[in-house]
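What follows is a set of notes on a single structure, which appears directly below.
Since we're looking at a predicted model, the values are computed, not measured.
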Amino acid sequence: RSGEMAKLTQLIDNEVFQAYATYAAIVLVKMMLMSPITAYFRMTRKAFANPEDTASFGKGDSAKKYLRTDPDVERVRRGHLNDLENIVPFLGIGFLYALSGPDLYTALLHFRIFAGARIAHSFAYLIPLPQPSRGLSWAIGYAVTMSMAYKVLKTALYL
């Protein structure tokens, strides 16, 4: 029933919702992986944000030198923050989009492009790849979320 809002009881059997749940899980796991990557960079660069994290390196002034910022750690943190700024809106808008009755092919296209763009964005941040790779991957994901938002508004509010 393309173009109609789905009933909550239909979600479990709804292929679009199953696709949404699949790709939401993929981008959430990708975002969660940024935490251990940040921890890895903190450990290998010996760059910590909290005094208690430096306890294994000594006390006093000998440990204070590890309370510092590191460009590599900050790069990973910025990538993680960018995930939060983009994946969280995708989760909300994607959920509403799945309820808006899109056809499966179009929904899969939206979800797959968004997930691919976010994965590419992380690689562009972590490697780092030259611009415009990071900017393009961000813009593609953002455009997909805006496209889904437009469909939701058009369906629900008849814009």
Verify the cluster assignment for [X] and [Y]: are they in a single hydrophobic cluster under the rule of side-chain heavy atoms below 4.5 Å apart?
X: M31; Y: I93; answer: yes
X: F95; Y: V88; answer: no
X: V152; Y: Y23; answer: yes
X: L91; Y: Y142; answer: no
X: I26; Y: L109; answer: yes

Validation row: [X], [Y] side chains within 4.5 angstrom (heavy atoms):
X: N86; Y: T145; result: no
X: K151; Y: K154; result: no
X: M34; Y: L126; result: yes
X: V76; Y: D72; result: no
X: N82; Y: R118; result: yes

Let me know which of Y105, Y97, Y20 forms a side-chain hydrogen bond (donor to acceptor under 3.5 Å, both in side chains) with H110. Y97
Could you tell me which non-hydrogen atom of [X] sits nearest to which non-hydrogen atom of [Y], and how far apart they are?
X: L28; Y: I87; value: CD2-CG2, 4.3 Å
X: A117; Y: G141; value: CB-N, 3.7 Å
X: A124; Y: S133; value: CB-OG, 3.9 Å
X: P89; Y: L84; value: CD-O, 4.0 Å
X: V73; Y: A47; value: CG2-CB, 4.3 Å
X: F111; Y: M148; value: CE2-SD, 3.7 Å

More than 12 heavy atoms of other residues, nucleotides or ligands under 6.0 Å from CZ of R77: yes or no? no
Please round to the nearest 0.5 Å and tell me the distance separating atom [atom1] of [X] and atom [atom2] of [Y].
X: L108; Y: L104; atom1: CG; atom2: CG; value: 4.5 Å
X: E74; Y: T38; atom1: CD; atom2: OG1; value: 9.5 Å
X: T155; Y: Y150; atom1: OG1; atom2: OH; value: 9.5 Å
X: R42; Y: Y66; atom1: CZ; atom2: OH; value: 15.0 Å
X: R134; Y: S122; atom1: CZ; atom2: OG; value: 11.5 Å
X: I119; Y: K30; atom1: CD1; atom2: NZ; value: 7.5 Å

Hey, what's the ring geometry for F114 with F90, parallel, tilted or perpendicular (30° and 60° as the breaks)? parallel
Please check: side-chain N/O of [X] versus main-chain N/O of [Y], any donor-acceptor pairing under 3.5 Å?
X: N50; Y: E52; result: no
X: T22; Y: Q18; result: yes
X: D103; Y: T106; result: yes

Are the ring centres of Y125 and H121 closer than 6.0 Å? yes
